[in-house]
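Notes for the one structure printed next.
Treat the numbers as computed from the prediction; the structure is a model and nothing was measured.
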Amino acid sequence: MEKVNNTTNKGFKKAYNLLPAGEQTKVRKKIQETCGWTTSTFYLRLKGETSLRPLERIALESIFNAWDIDVWTGKSLLKSR
């Protein structure tokens with residue numbers, strides 16, 4: 001069974017795609033800076049081709065929670081409130 005905190009379920013990609021188009025680059029750069037990722041690493045993680053480390057998971061949760069998006073399911077947190 002897949003872990004919900006991994007990217008293999010494509011939740012990270014769904015969450016990223018929920019961001020307004022004009023904000024995606026800013027968020028990508030913030031994620032890269034926070035996690036120490038290169039652009040290619042970002043896209044590998046986004047596609048679910050490589051696993052996330054625990055600190056990366058925490059960083060992603062924090063960044064996407066600011067947008068009211070669940071990074072693991074790609075769903076808006078506003079609907080569930």
Side-chain angles (χ1 to χ4, degrees):
M1 186 170 169
E2 294 178 354
K3 294 180 181 178
V4 294
N5 60 5
N6 206 334
T7 60
T8 54
N9 69 353
K10 307 291 186 207
F12 178 23
K13 186 172 184 175
K14 291 174 190 173
Y16 185 72
N17 288 333
L18 278 180
L19 295 167
E23 297 297 316
Q24 287 182 344
T25 300
K26 291 178 195 174
V27 172
R28 178 180 51 82
K29 288 180 180 182
K30 182 174 183 172
I31 291 169
Q32 285 179 240
E33 182 180 307
T34 303
C35 295
W37 294 350
T38 63
T39 301
S40 61
T41 301
F42 172 83
Y43 286 107
L44 286 172
R45 300 284 203 280
L46 185 69
K47 293 176 187 176
E49 294 180 14
T50 52
S51 297
L52 296 167
R53 290 182 227 128
L55 291 176
E56 294 170 339
R57 293 180 197 129
I58 293 167
L60 289 175
E61 287 173 354
S62 175
I63 291 167
F64 280 91
N65 281 343
W67 286 92
D68 293 314
I69 298 172
D70 183 327
V71 70
W72 310 124
T73 64
K75 295 180 181 176
S76 172
L77 295 173
L78 296 176
K79 294 178 185 174
S80 61
R81 291 184 181 163

Checklist entry - Are Phe64 and Tyr43 connected in the hydrophobic side-chain network, where two residues link if heavy atoms are under 4.5 Å apart? => result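 Linked within one cluster.
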
Item to check | Heavy-atom pair with the smallest gap, counting every atom of Thr50 and Arg45 | outcome: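 Looks like OG1-NH1, 3.0 Å.
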
Next on the checklist: Could you check whether Lys30 pairs with Glu33 (Lys NZ or Arg NE/NH1/NH2 to Asp/Glu carboxylate O, under 4.0 Å)?
Outcome noted: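 No, no charged N to carboxylate O under 4.0 Å.
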
What distance do [X] atom [atom1] and [Y] atom [atom2] have between them, rounded to the nearest 0.5 Å?
{"X": "Phe12", "Y": "Thr73", "atom1": "CZ", "atom2": "OG1", "value": "13.5 Å"}
{"X": "Thr41", "Y": "Ile31", "atom1": "OG1", "atom2": "CD1", "value": "12.5 Å"}
{"X": "Asp70", "Y": "Leu78", "atom1": "CG", "atom2": "CG", "value": "12.0 Å"}
{"X": "Leu77", "Y": "Asn65", "atom1": "CG", "atom2": "CG", "value": "5.5 Å"}
{"X": "Leu46", "Y": "Tyr16", "atom1": "CG", "atom2": "OH", "value": "7.0 Å"}
{"X": "Trp37", "Y": "Leu44", "atom1": "CH2", "atom2": "CG", "value": "10.0 Å"}

Next on the checklist: Run the side chain to side chain contact (heavy atoms under 4.5 Å, CB included) test on Glu56 and Thr34 for me, step by step, so that the C-alpha distance in whole Å, both residues' side-chain angles and the decisive distance to 0.1 Å come before the verdict.
Outcome noted: CA-CA 8 Å; Glu56 294 170 339; Thr34 303; over 6 Å; no

Next on the checklist: Run the side chain to side chain contact (heavy atoms under 4.5 Å, CB included) test on Leu18 and Lys75 for me, step by step, so that the C-alpha distance in whole Å, both residues' side-chain angles and the decisive distance to 0.1 Å come before the verdict.
Outcome noted: CA-CA 8 Å; Leu18 278 180; Lys75 295 180 181 176; 5.6 Å; no

Next on the checklist: What I want to check is whether the side chains of Trp67 and Glu23 have a donor and an acceptor closer together than 3.5 Å.
Outcome noted: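 No - no donor-acceptor pair under 3.5 Å links their side chains.
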
Item to check | Between Gln32 and Arg28: side-chain donor-acceptor atoms closer than 3.5 Å | outcome: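 Indeed, the side chains of Gln32 and Arg28 share at least one donor-acceptor pair under 3.5 Å.
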
Item to check | side chain to side chain contact (heavy atoms under 4.5 Å, CB included) between Trp72 and Glu61, intermediate numbers included | outcome: CA-CA 8 Å; Trp72 310 124; Glu61 287 173 354; 2.8 Å; yes

